[in-house]
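First up is the structure itself, then whatever we jot down about it.
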Amino acid sequence: LDYLHLSFPEVVHGRMIRKSTRVRIELAVTAFVPAEGQGEGESALIENMSSTGALLVASKALGATGDALRLDFEATLHDVDTPLSVEALLLNVVRSDDLNREGTEEMFRHGMEFRNLKASDRMIIKSLVYQQIIENPNSIV
């Protein structure tokens with residue numbers, strides 16, 4: 001009779017699988033609430049980005065879960081600046097106690113999903129992510 005006894009591993013490692021590769025990046029962005037809003041927007045920083053969404057950091061909450069925002073930012077691809085204005089859905093807002101650039105403690109992280117991207121905008125965002133992966137391989141989140 002053949003017999004095999006296996007033990008359960010002492011340590012199990014897991015990793016979150018995302019729809020697309022996410023990279024650390026710092027891009028200034030202006031968020032307009034609601035998406036159709038005109039006038040002055042709120043300043044924020046894109047902390048990381050993928051071809052399907054981004055994580056924004058701001059000194060105040062930019063809206064509530066489910067809100068649509070318009071994000072205006074400039075993508076630099078191979079030393080060419082390209083202005084983008086994209087619609088995004090606010091998936092979550094989390095208050096953080098990290099220090100921001102001005103030294104205040106209250107920061108808000110916003111999980112965003114890009115919506116209704118034009119083909120040209122989608123290509124620019126994907127190219128920006130891939131350029132970041134090639135130039136800074138350690139930036140992958």
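Minimum interatomic distance between Met112 and Leu56 (heavy atoms only, all atoms of both residues): CG-CD1, 3.7 Å. Taking each heavy atom of Ile125 and Ser50 in turn, the nearest pair found is CG2-O, 3.7 Å. The shortest non-hydrogen separation linking Thr21 to Val129 is O-CG1, 3.9 Å. Heavy atoms only, all atoms of each residue included: Ile46 and Ala54 are closest at CG2-CB, 4.0 Å. Leu62 and His110 get closest at one heavy-atom pair: N-NE2, 3.0 Å. Of all the heavy atoms in His78 and Gln131, the pair that sits closest is N-OE1, 3.1 Å.
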Could you please spell out the steps behind the side-chain contact (heavy atoms from CB on, under 4.5 Å) verdict for Asp72 and Phe32?
-> CA-CA 8 Å; Asp72 291 355; Phe32 293 90; 3.1 Å; yes

With side-chain contact (heavy atoms from CB on, under 4.5 Å) as the test, would you mind laying out the steps for Val33 and Leu90 before giving the verdict?
-> CA-CA 10 Å; Val33 184; Leu90 186 51; over 6 Å; no

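A distance of 12.0 Å separates CD of Glu42 from CZ of Phe108, quoted to the nearest 0.5 Å. Rounding to the nearest 0.5 Å places CG of Leu89 at 10.0 Å from CG of Asn116. Summarising the geometry, atom OG1 belonging to Thr30 is positioned 11.5 Å from atom CG belonging to Leu69; distances are rounded to the nearest 0.5 Å. Summarising the geometry, atom CG belonging to Asp81 is positioned 4.0 Å from atom CD belonging to Glu74; distances are rounded to the nearest 0.5 Å. To the nearest 0.5 Å, the span separating CG on Asn138 from CD1 on Ile133 amounts to 12.0 Å.
Remark: side-chain polar atoms of Gln132 are paired, donor with acceptor, to backbone N or O of Arg24 under 3.5 angstrom.
Defined by atom type and a distance below 3.5 Å, a donor-acceptor pair is missing between the side-chain atoms of Ser51 and Arg122.
Checking Thr76, Leu128, Ile124 one by one against Thr82, the side chain to side chain contact (heavy atoms under 4.5 Å, CB included) holds for a single residue, Ile124.
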